[in-house]
Amino acid sequence: MLDIQIFRSDINAVADTLIKRRRHEFDVKAFQALETERKQLQTNTESLQAQRNALSKEIGVYKKNKDEEGAKKLMLQVGQFAEQLKQNEERLAEVQSELRAILSSIPNVPHESVPNGIDEQDNVEVRRVGEPRQFNFAVRDHVDIGENLGQVDFDRAAKITGSRFVLLTSRIAKLHRALAQYMLNTHTEKHGYTEVYAPYMVNANALFGTGQLPKFEADLFSVPVGDAGKYYLIPTAEVPVTNIFGDEIVKLENLPLKFVCHTPCFRSEAGSYGRDTRGMIRQHQFDKVELVQLVHPEQSYERLEELTGHAESILQGLDLPYRVVTLCSGDMGFSAAKTYDLEVWLPGQNAYREISSCSNFEAFQARRMQTRYRTESGKPDYVHTLNGSGLAVGRALIAVLENYQQKDGSVTVPKVLVSLMGGLESIEPI
RNA sequence: GGAAGCGUGGCAGAGCGGUUGAAUGCACCGGUCUUGAAAACCGGCAAGGGCGCAAGUCCUUCGUGAGUUCGAAUCUCACCGCUUCCGCCA
């Protein structure tokens, strides 16, 4: 959520930026009309409330003095505007909730360093790290590799559940676990993150906080709770972890707060039918190790570079070639002010594919969650939030299978994973 | 699932229809005292919002929502959460 103050003072500039940079249009006239009404209603309502409060206090005094007559007179006075006050209060609540609804459906404004653009075509490559390996045989993709090894099974997953799920077994299931373990160990031991175990189901309020609701309900899975309520399966650990300090004022000296959390992620992938239907690239359920930081506003852009580096270090440790891309304004997520994507080289696709997304949300999420810190002067102010995948475990598995494949169909275990694999150096067919 | 109890400021904990945004203690901040510190003493200390250049002033908030009332932290209803006991269970 953007600061309503900038809509009050400089609405045309914001509207302009949002159209040019995010192709997001909103009705400035309607907003302003509501805002004018709000201002008038609020002033009016509050002055009536003040009158009522003053009279009520007086009534109290009369009652104490047993002057029922005097009290009666004042009660009549209040009665004269009671109905008007009630109507004002109701309308004011309506207007404010309409304003809030508009405000909460407006995306974040991109940082000035974010390149302008429409879609992923306009993303800007920042750097490439590592050289794609040259193969002296016909490369296979992870589906062929995994099925040939007899340890990746899409058909049975579809039988058990449906499409876009996978069943991993034996060494590959263990490799998947080892990858997550390696990521968690690295981030906790080398990068100073605190490990978190968090709920996999969250309420609507938490999803509002990070920006998935109200606009993107269709992307989420939910389960009914009680008679009317529901919980949502998390689409990313970002949701429970970023919300840890929602509605709280954290101590300045505790910043930055850095958390790492390994969870499954559940996404309905509505609107992506037909895309990446082969293999494990786009699943309804996948594991991810997520990095989350709550930081002092002045530091958030340095922290974004740092956090991106933490995610990169996993790819480097696994010796996987990748590139870093700055998302253009049109390709960024709803809540982000700036995003770097890490794209890993997949020989099976002969392409770089996203494996991590690292973003600075500035105060956009903090404002929704009401997460603040106390400034040096003691005044509360919003923190900045960041997160990034460090990394998507399922996609990391794909990358390892494809980049470490051998001519005979086996897959070499990356050096850093050997001990986590109990000494196993190569995955063979079973 | 059944029964009982409880949700108040950073924490603990009063208040149970009237001038209470809320006693008191702890924590925290400033001051006096002290060579310094501690102790003692004095003072300060919730958040959000409106109007205002400002000083200030007004409104809202005692789990959430609705209601009763001139007036609600206090009464009513619903919901959410927590605790304890019983049952069940990994």
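Below, chains carry the letters A, B, ... as their sequence lines are ordered, and counting in each starts from 1. All heavy atoms count here, side chains included; hydrogens, waters and symmetry mates do not.
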Nucleotide of B:rG18, B:rC58, B:rA47 approaching A:A50 most closely (side-chain heavy atoms): B:rC58

A:I314 and A:H187, any side-chain heavy atoms less than 4.5 Å apart: yes

Separation between the C1' atoms of B:rU69 and B:rA14, rounded to whole Å: 25 Å

P atoms of B:rU64 and B:rG9, separation to the nearest Å: 10 Å

Base-pairing assignment for B:rA37 (Watson-Crick or G-U wobble, both under 3.5 Å): none

Sugar-phosphate only, base, or nothing, as touched by A:K57 at under 4.0 Å among non-hydrogen atoms: sugar-phosphate

Sugar-phosphate, base or nothing in reach of A:L74, heavy atoms under 4.0 Å: nothing

P atoms of B:rG43 and B:rG36, separation to the nearest Å: 24 Å

Between P of B:rG52 and CD of A:Q42, the distance in whole Å: 12 Å

P gap between B:rU76 and B:rC6, integer Å: 12 Å

Partner nucleotide of B:rA54 by Watson-Crick or wobble geometry (both distances under 3.5 Å): none

Of A:E89 and A:R38, the one whose closest RNA chain B nucleotide lies more 5': A:R38

Sugar-phosphate, base or nothing in reach of A:Q5, heavy atoms under 4.0 Å: sugar-phosphate

Touch class at under 4.0 angstrom, heavy-atom based, for A:K72 against every strand present: nothing

Protein-nucleotide distance (A:R52, atom CZ; B:rC70, atom P), rounded to Å: 12 Å

Closest nucleotide among B:rC70, B:rA47, B:rC59 to the A:I59 side chain: B:rC70

Side-chain-base donor-acceptor pair under 3.5 Å for A:E46 and B:rG49: yes

Pairing partner of B:rC85 (Watson-Crick or G-U wobble, both distances under 3.5 Å): B:rG2

Rounded distance (Å) that lies between atom P of B:rG81 and atom CG of A:N205: 13 Å

A:E68 bridged to A:K63 by N-O distance under 4.0 Å: yes

Ring centres under 6.0 angstrom apart (A:Y200, A:F266): no

Complement of B:rC28, any strand, by Watson-Crick or G-U distances under 3.5 angstrom: B:rG44

A:H284 and A:F165 aromatic ring geometry - parallel, tilted or perpendicular at 30°/60° bounds: tilted

Spacing between A:K39 atom NZ and B:rG49 atom P, to the nearest angstrom: 15 Å

Aromatic ring pairing A:H310/A:H191, orientation class (parallel under 30°, perpendicular over 60°, tilted between): parallel

A:R91 and A:E37 ion-paired at < 4.0 Å: yes

Euclidean distance for P, B:rU60 against B:rC41 (whole angstrom): 38 Å

Which residue lies more 5' along RNA chain B, comparing A:V78 with A:S47 via nearest heavy atoms: A:S47

B:rU20 and B:rC33, which share atom name C1', separated by this distance in whole Å: 36 Å

B:rG44 versus B:rG5 - spacing of their P atoms, nearest Å: 41 Å

Pair assignment for B:rG65, Watson-Crick or G-U wobble, requiring both distances under 3.5 Å: B:rC77

Distance between P atoms of B:rG63 and B:rA72 (Å, rounded): 15 Å

